[in-house]
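Remarks on the structure that follows.
Indexing begins at 1, ligand by ligand and atom by atom, following the structure's order. Keep in mind it's a predicted model, so treat the numbers as computed, not measured.
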Amino acid sequence: MHSFDKDPDHVAVEQVLRYARQRLLMDPIPLDGPQTEEYLTSAAGQTITAAGLGAPRAMELFEHTLAPACLSTDHPRYLSFIPCAPTREAAAFDVVVGASSVYGGSWLEGAGAVYAENQALRWIADLAGLPECAGGVFVPGGTVGNLSALVVARHTARNKATAAGTGARPWRIAATDNAHSSVVSMAAVMDAEVCGVPVDEKLRLTGPALRKTLEEHGPETFFAVVATSGTTNFGVVDDLESVADVCEEFGLWLHVDGAYGGAGLAAPSVRHLFNGIERADSFIVDPHKWLFAPFDCCALLYRDPELARTAHTQEAGYLDVLTKATEWNPTDYSIGLTRRARGLPLWYSLAVHGTDAYVEAIESTLAVVRHAAREIEARPYVELVREPDLSVVVFRRLGWEPADYQAWTDRLLAAEFAFVVPTTFRGETLTRFAVVNPHTSKEDVTAILDTMA
Ligand SMILES: Cc1ncc(COP(=O)(O)O)c(C=O)c1O
């Protein structure tokens with residue numbers, strides 16, 4: 001099947017590129033929506049067969065049956081969870097990455113790609129104010145980024161304890177309830193324990209509360225503190241400066257999870273909220289969230305990458321040619337060995353547009369959310385739960401029960417008008433807009449609010 005003679009007219013390649021071109025240039029984009037398994041079974045049937053369906057039929061199935069059963073996360077009114085709104089350049093370049101068989105794990109095999117990815121990482125490190133020696137790798141997502149960083153934190157803490165002769169094996173991570181679900185989940189993978197720190201009245205992790213928790217449980221039992229720069233539910237940025245002070249005092253690793261909100265570093269109007277981030281030992285931001293790259297892309301940075309290399313490098317005779325080399329091998333800085341050069345779509349888009357365009361696009365989404373907040377305040381039937389820090393706004397519809405929120409969500413989706421799901425906070429059902437798409441307009445959020453009257 002690899003032979004060119006099998007398909008001399010390159011029908012499959014032509015079809016795939018035609019579809020990709022059409023989808024990349026589509027305007028407007030349909031929201032589309034999920035279908036039941038019964039529907040898909042009857043419409044698509046058995047797609048994997050011994051003889052194969054052939055390119056035209058397989059593409060037709062994808063284009064007309066499977067793709068429309070997937071929500072367009074880049075639709076301007078997809079405001080649930082954290083949307084994904086790649087620039088056309090980033091999304092188009094993903095096709096190139098797939099077509100090029102570039103191996104992004106080592107300098108030996110992918111020097112050009114690694115060089116480019118590292119420049120994109122450097123831009124992010126500079127936004128955060130990390131030192132020149134900082135470096136890292138693009139991993140599939142925030143979950144893997146958090147896991148990879150926490151593995152380094154524990155490895156470093158245990159090595160320190162061994163060197164000091166204390167024999168301590170710290171197993172705890174300090175974080176608030178508002179930290180992303182992946183922190184608890186990845187702690188379970190590591191057989192570590194997350195110790196909850198109470199938040200302040202602004203829902204932030206702060207230094208004084210952190211100190212109290214550490215003292216209550218014994219600071220020597222902790223190997224890391226996870227602060228969040230942009231919580232998923234509310235977009236809250238923790239008080240990084242006071243948290244960094246306490247981490248420094250106790251010699252604890254500070255990991256900052258900016259998977260969603262880290263992009264705000266580029267926006268002058270909110271940059272002050274991130275003060276203290278330059279003191280992080282590790283930091284993540286997902287370009288597939290608010291930095292306009294396609295799935296799956298998380299930038300993971302370390303203040304001292306050598307600590308990460310020690311924790312993550314895989315050793316084997318067949319890898320010696322890589323591990324004994326002095327060049328930068330991205331695979332040495334995270335979980336996983338084989339890696340797609342997944343930072344390249346971001347690199348290409350940054351190279352094409354320049355960083356000023358990113359600043360402008362991020363600020364434009366912030367302006368839309370501030371508009372949404374004012375609209376919510378002006379309407380008698382809705383109420384802001386908290387003034388937004390970043391580009392997420394959470395609000396309640398007065399008088400609605402959970403079932404009303406769900407019915408409203410279902411109605412909007414069935415009409416392909418918008419995708420806005422409920423959330424909960426402290427037992428109350430609410431709803432939220434997460435705006436990371438520069439195509440989401442003030443008119444879009446106004447129109448959605450109108451449907452709640
Ligand atoms: C703050 C935060 N951390 C981590 C994650 C997990 O990232 P991913 O879904 O890319 O694994 C998310 C996802 O929304 C997030 O918002």
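Scored by the ring pair (Phe, Tyr, Trp, His ring centres under 6.0 Å) test, His288 finds Phe295 as partners (sequence neighbours excluded).
More than 12 non-hydrogen atoms from other residues, nucleotides or ligands lie less than 6.0 angstrom from CG of Asn275.
If you check the side chains of Trp171 and Thr221, you find no donor sitting under 3.5 Å from an acceptor. Remark: the His371 side chain and the Thr446 side chain contain an N/O donor-acceptor pair separated by less than 3.5 Å.
Annotation: salt bridge (charged side-chain N to carboxylate O under 4.0 Å, His left out) contacts involving residues 100-117, sequence neighbours excluded, comprise Glu117-Arg339.
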Donor-acceptor contacts under 3.5 Å from residues 254-264 side chains, at least two apart:
unit_1, atom_1, unit_2, atom_2, d
His255, ND1, Ser282, OG, 2.8
His255, NE2, Asn146, OD1, 2.7
Asp257, OD1, Ala259, N, 2.9
Asp257, OD2, Asn146, ND2, 3.1
Tyr260, OH, Ser391, N, 2.8
Tyr260, OH, Ser391, OG, 2.7

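Sorted by chain and number, the residues within 4.0 Å of ligand 1 by heavy atom are Ile82, Gly141, Gly142, Thr143, Asn146, His180, Ser182, Gly230, Thr232, Asp257, Ala259, Tyr260, Asp286, His288, Lys289.
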